[in-house]
There are 2 protein chains.
Amino acid sequence: MAKSGRPSRPGPAKADTAGATRRALVDAAIESLRFDGFAGASARAIGTRAGLNPGLIFYHFGSVADLLLAALAEVSARRMERYSAAVDSATTPGELVTVAAGIFREDLDEGYVTVLVEMIAGASSSPALGEQVAALIAPWRAFAQRAIEAIVADSPLAALVPVGDAAHAVVALYLGLEMLSHLDGDRAAALRLFDRAGQLASVFGMTVPSAPAKETT
Amino acid sequence: MAKSGRPSRPGPAKADTAGATRRALVDAAIESLRFDGFAGASARAIGTRAGLNPGLIFYHFGSVADLLLAALAEVSARRMERYSAAVDSATTPGELVTVAAGIFREDLDEGYVTVLVEMIAGASSSPALGEQVAALIAPWRAFAQRAIEAIVADSPLAALVPVGDAAHAVVALYLGLEMLSHLDGDRAAALRLFDRAGQLASVFGMTVPSAPAKETT
DNA sequence: GTCTATACTTGGATAGAC
DNA sequence: GTCTATCCAAGTATAGAC
């Protein structure tokens with residue numbers, strides 16, 4: 001029905017030029033946040049990186065800020081998928097931290113956390129933007145909390161550490177390590193800390209690899 | 001000598017109008033970094049806050065970036081003094097963390113760490129700026145390291161935790177907590193963590209308040 | 001030496017072409 | 001519906017007034 005002769009509807013079928021443009025702009029925005037920083041991520045800079053007219057940003061996203069938010073949402077979704085899989089696959093605390101360290105290394109190399117940091121810092125320039133960024137960061141705290149709950153569930157630390165606060169600290173540490181790594185172009189210090197955390201997790205959790213702690217749900 | 005009739009030398013005596021202007025601009029730059037963020041800290045915005053012609057920024061500092069660096073240096077110096085005094089006065093690890101928590105509360109309220117965060121994040125927009133910001137942040141790592149060394153000196157943890165890495169983590173956590181606090185306008189979570197850290201420090205260090213650990217130098 | 005008025009450049013946004 | 005040429009505002013920087 002309604003599918004007579006007019007190929008004008010913007011459904012996911014067809015060539016979908018608009019979708020391609022949107023994707024190109026989002027990718028260019030991510031790149032720009034990474035290499036130019038929030039302050040340098042202008043319509044012109046992003047347009048140049050995408051090889052597209054800057055005006056398209058306003059047509060497709062309404063404003064530069066909204067495109068940057070879309071970029072943040074995209075990065076957040078991509079990484080959340082990656083981390084979720086990792087958390088699900090890990091069976092011991094030590095293993096969890098080791099796997100997380102590997103992904104964090106990716107984050108540093110690919111500049112994903114840089115995007116978060118730039119958006120959080122850039123959010124200071126407008127209260128409205130701040131709220132929207134906060135909404136996009138919130139899932140990460142919830143995620144960190146779930147991961148920590150899984151770790152301390154069968155450990156005596158459960159009562160000692162309030163998971164909400166611990167999650168807050170982990171997210172903060174993540175952001176801070178990224179900032180410092182980026183600042184002096186050296187990820188070694190951050191990665192060393194992850195190794196150390198892995199060791200501690202093994203010690204405080206349980207070093208026994210035969211622990212049948214799977215399938216608690 | 002040479003002090004004939006010409007009051008033209010810019011020494012610290014006299015009315016020192018240039019010095020006053022410089023100070024006003026630095027203060028306005030700090031305010032702007034705090035409330036407008038790095039992206040919003042333009043020559044115009046700073047000039048307006050100071051009630052001065054934006055052109056003065058270029059006369060006195062050469063560029064906006066250089067003024068912002070001067071602002072960062074100023075904040076860094078002010079806070080370093082405050083923290084140094086606190087570290088010197090504390091005698092036990094628990095006390096140290098408690099005192100640090102109090103000053104950190106000041107930092108959050110007065111927006112001092114915001115200035116650091118904005119400058120670190122903003123440094124992404126230019127490699128040259130990045131190096132200069134890094135140079136201004138470096139003393140904080142050294143400071144954190146000294147403080148940690150003092151804490152773990154007479155504790156069995158000394159061998160376990162490499163102080164360099166620990167200092168790195170503390171600075172990162174500091175920056176990250178500030179970012180999150182600022183993002184959702186809630187310092188409670190960050191302050192709770194400091195309380196928690198104070199307790200831990202007391203437990204792992206020594207709870208005995210009679211420890212005569214002063215004057216080791 | 002200090003400061004202001006102004007030139008020039010870049011950025012955000014849109015009217016109108018396709 | 002999609003995109004480009006173009007407008008106006010805001011940013012940096014300086015020539016010249018005081």
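For clarity, every value in this text was computed on a predicted model and none was experimentally measured. These values consider heavy atoms only, across backbone and side chains, with no hydrogens, waters or symmetry-generated copies. To find a chain, count down the sequence lines: A is the first, B the second, and so on, and within it residues start at 1.
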* Asked: In terms of side-chain geometry, is the basic nitrogen of Glu74(B) or Arg23(B) positioned less than 4.0 Å from the acidic oxygen of its partner?
  -> no
Could you state the atom-to-atom distance from [atom1] of [X] to [atom2] of [N] in whole Å?
X        : N       : atom1 : atom2 : answer
Leu25(B) : dT4(C)  : CG    : C1'   : 14 Å
Ile57(B) : dG11(D) : CD1   : P     : 11 Å
Phe61(B) : dT2(C)  : CZ    : C1'   : 14 Å
Leu67(B) : dG11(D) : CG    : C1'   : 15 Å

* **Nucleotide-resolved protein contact map, nucleotides 6-18 of chain C, B/S/- at heavy-atom distance under 4.0 Å** => -----BBBB----
* **Distance below 4.0 Å between His60(B) side-chain N/O and dG1(C) OP1 or OP2** => no
Side-chain donor-acceptor pairs under 3.5 Å in residues 48-56 of chain B, sequence neighbours left out?
unit_1	atom_1	unit_2	atom_2	d
Thr48(B)	OG1	Arg44(B)	O	2.9
Arg49(B)	NE	Asp36(B)	OD2	3.2
Arg49(B)	NH1	Glu31(B)	OE1	3.1
Arg49(B)	NH2	Asp36(B)	OD1	3.0
Asn53(B)	OD1	Gly55(B)	N	2.7

List, one per line, each side-chain donor-acceptor pair under 3.5 Å for residues 94-105 of chain A, sequence neighbours excluded.
unit_1	atom_1	unit_2	atom_2	d
Glu95(A)	OE1	Thr91(A)	OG1	2.9
Thr98(A)	OG1	Gly94(A)	O	2.8

Can you give me every donor-acceptor pair (side chain of residues 132-152 of chain A, partner residue at least two apart or in another chain, under 3.5 Å) with its distance?
unit_1	atom_1	unit_2	atom_2	d
Trp140(A)	NE1	Ser76(A)	OG	2.7
Arg141(A)	NH1	Asp184(B)	OD2	3.0
Arg141(A)	NH2	Asp184(B)	OD2	2.4

Run the side-chain donor-acceptor check on residues 60-67 of chain A: report pairs under 3.5 Å with partners two or more places apart or on a different chain.
unit_1	atom_1	unit_2	atom_2	d
Ser63(A)	OG	Asp66(A)	N	3.2
Ser63(A)	OG	Asp66(A)	OD2	3.4

* Identify, with sequence neighbours excluded, every residue that meets side chain to side chain donor-acceptor pair (under 3.5 Å) alongside Arg192(B). => Asp165(A)
